[in-house]
Amino acid sequence: MSHPDYRMNLRPLGTPRGVSTVAGPHDIGASPGDKKSKNKSTRGKKKSIFETYMFKEDVSEGLKRGTLIQGVLRINPKKFHEAFIPSPDGDRDIFIDGVVARNRALNGDLVVVKLLPEEQWKVVKPENKETEAAYESDIPEELCGHHLLQQSLKSYNDSPDVIIEAQFDGSDSEDGHGITQNVLVDGVKKLSVCVSEKGREDGDAPVTRDETTCVSQDTRALPEKSLQRSAKVVYILEKKHSRAATGFLKLLADKNSELFKKYALFSPSDHRVPRIYVPLKDCPQDFVARPKDYANTLFICRIVDWKEDCSFALGQLAKSLGQAGEIEPETEGILTEYGVDFCDFSSEVLECLPQGLPWTIPPEEFNKRRDLRKDCIFTIDPSTARDLDDALSCKPLADGNFEVGVHIADVSYFVPEGSDLDKVAAERATSVYLVQKVVPMLPRLLCEELCSLNPMSDKLTFSVIWTLTPEGKILDEWFGRTIICSCTKLSYEHAQSMIESPTEKIPAKELPPISPEHSSEEVHQAVLNLHRIAKQLRQQRFADGALRLDQLKLAFTLDHETGLPQGCHIYEYRDSNKLVEEFMLLANMAVAHKIHRAFPEQALLRRHPPPQTRMLNDLVEFCDQMGLPVDFSSAGALNKSLTQTFGDDKYSLARKEVLTNMCSRPMQMALYFCSGLLQDPAQFRHYALNVPLYTHFTSPIRRFADVLVHRLLAAALGYREQLDMAPDTLQKQADHCNDRRMASKRVQELSTGLFFAVLVKESGPLESEAMVMGVLNQAFDVLVLRYGVQKRIYCNALALRSHHFQKVGKKPELTLVWEPEDLEQEPAQQVITIFSLVEVVLQAESTALKYSAILKRPDTHGHLGPEKEEEEEESDAEPEDSSTS
């Protein structure tokens, strides 16, 4: 792309950290990428700000020799001069200091870096203990149960208010995690034992080059200081960032410059994205004359170029979204930034769907499939779910055992390989669940009608059927294509009421319609039998070393007319959720073994690497300092510690929430992979589930990986030929599914954050108890227990006479001295330590979608919560789960 020749004055706009503004007199104003200065002399030639990227061949050679390292770039959203890539050996992350060293790479890009000389590595002092790794919630998203909390406003025509569970892609509880609310944080709340006295901890404060950044510390290293490997980006292997951003338009500062006549400045809301020059011809016609009219208008801009000699990128305005802070413009901005395709499906894609409606199952399919239409089969889903992937059955056998079936929508029947429908599904890779709506992977005709296992309708399915003992021991296993007719659509609430009333008949008016071939008693008994077996399966799973880290998750009540949040509550994860989760896990594990036996080089599986070593070591050290008996030696040991260490009083449960949150941080994402490309079977393992093989089979309506697994299973059973995909091609699709899954997770978290921020603005201030998670010298981090959000509270925002930071032993302590409300009163003193219980108020700020946490003035005793830490109680009880399946 060619750009007009213009002059640029960098100084009024500010220069990125580490960028020199020293240049010849004639070239402070050459266009980005314009190598030709009007003054031909070398003395006036513009100096490049960024290094030229290495040649691809040299990069390949460097990666082979080990002189270069590749990894996904993560930029700290609060201190955006700081960036990191993971260390290949699992040790402390590699640090990339400043915009120049980042060399035009954006957050999420796959980059290649070259280590700097050791004398340029970052010095980390032992007392600086904030960890650097999880600036966004990079923890596994799936340890939160099987079903999405999904809904649609359209299904609530009879009700003014809609209960909306914050939606997320929670898949089969497989990564040990309940959904987290880390994105509700303004930035990252890092594990803090203490902090450097230098500088404010406010991420918006100006950063100087000599500021010490708080990062993880290996205490076994040098006694006074430790070095963190530092590097610079030399190549971008893959631009995974969408290069799109939402933000605001501003006029350039220097009205006399040539640049002012041609360009406006786009300032992204996400400070990790550079400021961008956009041509004035892209801007609204009256923008230059009336810039203040657009001060609160949200725009989308796409970066089209970023040359070596320009500190800012060049972009094009894509569109105006609307007013900042409003739900729909903000939602569209989030979807666009993360590359989510929310366009209508094309006519070519829709032509792939059955045209003659209503569609009926072709007669020949009955000859190819096992007919289960007379069996008592039913679905259990959120009450508002429309895309019903899975159904369950449980038939008592004469010998006291049970025939249990998991029946999954046969989506691959409707998605021909290589078709336009297949291509768009592969590209989208996942449905994206926002608080107020779903962006589907497949057209709604498939999602909600043809594939969805709606009640009293014949449906094509792929089933796994076991013969199980009442204790959950597998005696026999069968895989095959089937036809079912679900007899009813139960909600989790329906199933829960059945579990809680094992001997009482549930009144018909409290249940959904049930087909005449089956009675409510039959369904009730099947749910009870499934529940009893699921309890045994779950107990055995955890005895065998599985891990679950449940975290607080929000559900919203939306106004039917306006769509605005009216209230929220923590979603309760109950036995009905656990029931479904156990059988989905069982099916996924069974299919993983089946396809891996059939295609050892071509199976699409899902692995979960163990926690990041350095962060885990930091957490071990932290727990030692705090006197917490937590065993991190294995997933099972950690689960046992979290289950048995804490009592069930309010303070102990809050402390467990905080520790669970901390334990989630070293966890890595689970990943799809092709079995033929990993040599070591030990790498196939799933850390949280503690199983050798796992895959995704149970949600093909909303995950493309499951569609591929269905095709592999069909080939393994002889229904079709082997997949015509080389292992490396399958791995590329697996990588794409991983990328889109991560993007989907971010979008879901941001959607929840958006709705909560709007709730604080519309219904706030909101009060809650909170527990301190980290203590710094001028601030402290809290987990707000009523809402599951994390916030940083700054001392300078409180009515304090003074505050004092110290370490008592190894524990950080912040003493707050409050200004008395009455002149005759003595100043109240409050001591803040990790696990202190405090009262906070969340209140909206003037900036759209920003809210802050303010500490409430303590009572006369100076603090809330126990006077001293309670003794840990041994308990054999199951942990109280609070996320959804």
Side-chain angles (χ1 to χ4, degrees), residues 1-3 8 10 15-23 27 30-37 42 45-76 80-88 93-117 120-122 229-245 268 270-277 301-316 339 732 735-736 739:
M1 179 176 177
S2 60
H3 312 303
M8 175 174 66
L10 294 178
T15 358
R17 180 178 174 202
V19 174
S20 170
T21 55
V22 177
D27 57 277
S31 76
D34 185 3
K35 299 294 184 184
K36 297 176 183 175
S37 172
T42 54
K45 194 170 182 180
K46 176 154 182 152
K47 182 181 178 182
S48 287
I49 293 165
F50 300 104
E51 282 191 17
T52 304
Y53 294 129
M54 290 177 66
F55 291 113
K56 193 172 183 179
E57 302 76 25
D58 297 335
V59 169
S60 298
E61 187 61 32
L63 289 171
K64 282 179 192 171
R65 288 200 315 266
T67 56
L68 301 177
I69 301 169
Q70 75 176 54
V72 174
L73 185 75
R74 294 189 328 278
I75 303 172
N76 181 346
F80 52 89
H81 66 281
E82 294 181 350
F84 304 88
I85 67 163
S87 175
D93 287 342
I94 296 167
F95 181 58
I96 299 162
D97 187 17
V99 176
V100 173
R102 215 150 62 217
N103 203 358
R104 296 162 285 166
L106 299 185
N107 191 60
D109 285 354
L110 182 61
V111 299
V112 176
V113 304
K114 182 178 181 180
L115 290 178
L116 298 173
Q120 295 180 38
W121 290 3
K122 182 176 180 181
R229 289 186 296 171
S230 301
K232 62 182 180 181
V233 173
V234 295
Y235 194 75
I236 302 176
L237 276 175
E238 192 176 348
K239 292 180 177 178
K240 293 198 175 187
H241 189 284
S242 66
R243 265 58 188 171
D270 183 348
H271 297 303
R272 294 171 296 183
V273 181
R275 283 180 284 183
I276 303 165
Y277 292 120
C301 181
R302 294 187 183 276
I303 293 174
V304 295
D305 203 1
W306 195 358
K307 295 296 187 186
E308 294 164 15
D309 57 4
C310 187
S311 52
F312 299 151
L314 190 72
Q316 289 181 327
K732 282 180 183 172
D735 290 340
H736 181 66
D739 290 343

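Fair warning: this is a prediction, and the values are worked out from it, not measured in the lab. In what follows, residues are counted from 1 in the order of the sequence shown.
The shortest heavy-atom contact between Ile94 and Ala231 is CG2-CB, 3.6 Å. Looking at every heavy atom in both residues, Ala245 comes nearest to Val273 through CB-CG1, 4.1 Å. Counting all heavy atoms, side chain and backbone alike, Cys310 lies closest to Phe312 at SG-O, 3.0 Å. Minimum interatomic distance between Asn103 and Tyr53 (heavy atoms only, all atoms of both residues): O-OH, 2.6 Å. In this structure, Leu314 and Ile276 approach most closely via the heavy-atom pair C-CG2, 3.7 Å. In terms of heavy atoms, Ala105 sits closest to Ile75 at O-CD1, 4.4 Å.
Rounding to the nearest 0.5 angstrom, the gap separating the CZ atom in Arg102 from the CG atom in Asn107 is 8.5 Å. For the atom pair CG (Leu110) and CD1 (Ile236), the distance works out to 10.0 Å, reported to the nearest 0.5 Å. For the atom pair CD (Glu308) and CZ (Phe50), the distance works out to 9.5 Å, reported to the nearest 0.5 Å. Between atom OG of residue Ser311 and atom CH2 of residue Trp306 there is a gap of 8.5 Å, rounded to the nearest 0.5 Å. Ile69 CD1 to Lys114 NZ: the interatomic distance, rounded to the nearest 0.5 Å, is 12.0 Å. The distance from atom CD1 of Ile303 to atom CG of Leu106, rounded to the nearest 0.5 Å, is 5.0 Å.
No salt bridge links Asp309 with Lys307; every basic N to acidic carboxylate O contact stays at or beyond 4.0 Å.
Take Glu51 and apply the side-chain hydrogen bond (donor to acceptor under 3.5 Å, both in side chains) test, not counting sequence neighbours, and it matches Lys232. By the salt bridge (Lys or Arg N to Asp or Glu O under 4.0 Å) test, Asp58 pairs with no residue at all, sequence neighbours left out. Under the side-chain hydrogen bond (donor to acceptor under 3.5 Å, both in side chains) criterion, Arg229 pairs with Ser87, sequence neighbours left out. A search for side-chain hydrogen bond (donor to acceptor under 3.5 Å, both in side chains) contacts involving Ser230 returns nothing, not counting sequence neighbours.
Between Val234 and Val113 the shortest side-chain heavy-atom distance does not fall below 4.5 Å. Here the side chains of Leu63 and Val112 are in contact, with some heavy-atom distance below 4.5 Å. Taking the side chain as every heavy atom from C-beta outward, Arg74 and Pro86 approach each other to under 4.5 Å. Using a 4.5 Å heavy-atom cutoff, the side chains of Val111 and Ile85 are in contact.
Residue pairs meeting the salt bridge (charged side-chain N to carboxylate O under 4.0 Å, His left out) criterion with at least one partner in residues 61-73, sequence neighbours excluded, are Glu61-Arg65. For residues 233-245, the side chain to side chain donor-acceptor pair (under 3.5 Å) pairs, not counting sequence neighbours, are Asp109-Arg243, Lys240-Asp739.
A donor-acceptor pair under 3.5 Å links the side-chain atoms of Ser60 to the main chain of Lys56, judged by distance alone.
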